Amino acid sequence: QVQLVEYGGGLVQAGGSLRLSCAASGSIFSINAMGWYRQAPGKQRELVALITSGGSTNYADSVKGRFTISRDNAKNTVYLQMNSLRPEDTAVYYCYAGVEVLASRYYNEYWGQGTQVTVSS
């Protein structure tokens with residue numbers, strides 16, 4: 001099996017910064033895309049940012065220019081640097097990974113347990 005463990009959520013004032021990290025471990029042959037989604041109360045889960053193994057990135061329009069996603073392929077870890085945070089960024093942030101599993105070579109999607117980010121005004 002594959003596990004995703006997230007770190008770095010918390011409470012910050014508007015305009016502040018936080019850095020999230022997520023490490024994947026387990027029966028991993030390779031990881032294609034890794035990234036972050038978020039879900040605010042009463043809203044659907046939405047994409048924040050994705051990064052492929054080759055380094056191509058995709059951001060939600062609402063975070064472009066403020067958030068930066070990066071990845072350490074050797075450590076199977078993805079990071080999200082969040083700057084200029086706004087109250088509307090408040091949500092539970094979920095790590096995502098598209099993994100080719102070692103034994104079966106099947107492609108499966110995995111999610112972290114979620115980490116709370118709260119931005120106060």
Side-chain angles (χ1 to χ4, degrees):
Q1 277 294 348
V2 174
Q3 298 81 37
L4 302 181
V5 179
E6 301 144 338
Y7 303 92
L11 173 64
V12 65
Q13 288 189 332
S17 298
L18 283 175
R19 188 183 193 224
L20 306 182
S21 61
C22 171
S25 63
S27 300
I28 299 170
F29 179 79
S30 66
I31 303 178
N32 185 8
M34 296 187 81
W36 297 91
Y37 287 71
R38 68 186 180 187
Q39 188 167 17
K43 295 188 176 181
Q44 289 188 330
R45 190 174 296 190
E46 64 176 2
L47 170 70
V48 178
L50 282 175
I51 184 167
T52 68
S53 57
S56 297
T57 58
N58 184 31
Y59 293 93
D61 288 343
S62 60
V63 306
K64 284 180 181 177
R66 300 187 299 122
F67 292 10
T68 302
I69 190 169
S70 61
R71 176 172 172 170
D72 186 333
N73 289 330
K75 296 181 179 180
N76 290 333
T77 299
V78 64
Y79 307 94
L80 185 69
Q81 178 65 42
M82 304 185 292
N83 298 329
S84 302
L85 282 160
R86 304 167 180 169
E88 53 264 39
D89 295 317
T90 295
V92 177
Y93 283 68
Y94 295 92
C95 179
Y96 162 88
V99 177
E100 189 173 2
V101 178
L102 184 62
S104 65
R105 301 295 297 272
Y106 289 159
Y107 180 86
N108 288 328
E109 297 182 330
Y110 294 90
W111 296 89
Q113 78 282 4
T115 185
Q116 178 70 45
V117 171
T118 302
V119 184
S120 63
S121 58

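All values derive from a computational prediction rather than experimental measurement. For the single chain, residues carry numbers from 1 onward in sequence order.
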Short question: side chain of E100, backbone of F29 - any donor-acceptor pair under 3.5 Å? no
Distance from L80 atom CG to I51 atom CD1, nearest 0.5 Å? 10.5 Å
OG1 of T115 to CG of L18: how many Å apart, nearest 0.5 Å? 9.0 Å
Inspect the contact between D61 and K64 and indicate whether a charged nitrogen and a carboxylate oxygen are less than 4.0 angstrom apart. yes
OG/S121 to CD/Q13 distance, rounded to the nearest 0.5 angstrom? 9.5 Å
If you round to the nearest 0.5 Å, how far is CD of Q1 from CG of L102? 12.5 Å
same_hphob_cluster(L20, L4) at 4.5 Å side-chain heavy-atom cutoff: yes
How far apart are the closest heavy atoms of D89 and Y93, and which atoms are they? O-OH, 2.6 Å
Applying salt bridge (charged side-chain N to carboxylate O under 4.0 Å, His left out), can you list everything that pairs with E109, at least two apart in sequence or on another chain? none
Report whether V48 and Y94 are members of the same hydrophobic cluster (ILVMFWY, side-chain heavy atoms less than 4.5 Å apart, transitive linking). no
So which pairs with a foot in residues 32-54 pass ring pair (Phe, Tyr, Trp, His ring centres under 6.0 Å), sequence neighbours left out? Y37-Y96, Y37-W111
Report the C-alpha separation of T68 and Y59 in whole Å, then their side-chain angles, then the decisive distance to 0.1 Å, and conclude whether the side-chain contact (heavy atoms from CB on, under 4.5 Å) test is met. CA-CA 9 Å; T68 302; Y59 293 93; 3.9 Å; yes
Exercise: identify the closest heavy-atom pair between I69 and G35: CD1-CA, 3.8 Å
Identify the two heavy atoms, one from Q113 and one from V5, that lie closest to each other, and give their separation to 0.1 Å. OE1-CA, 4.1 Å
Are the side chain of E46 and the backbone of R38 linked by a donor-acceptor contact shorter than 3.5 Å? no
Suppose we screen for salt bridge (charged side-chain N to carboxylate O under 4.0 Å, His left out). Which residues come up paired with R71, at least two apart in sequence or across chains? none
How long is the straight-line distance from OH of Y110 back to CD1 of I31, given to the nearest 0.5 Å? 10.5 Å
Identify the two heavy atoms, one from A91 and one from A40, that lie closest to each other, and give their separation to 0.1 Å. CB-N, 3.8 Å
Can you check whether V119's main-chain N or O pairs, donor with acceptor, with T90's side chain at less than 3.5 Å? yes
Minimum heavy-atom distance between G114 and E6, given as atom pair plus value: N-OE1, 2.6 Å
Euclidean distance, N32 CG relative to M34 CE, rounded to 0.5 Å: 11.0 Å
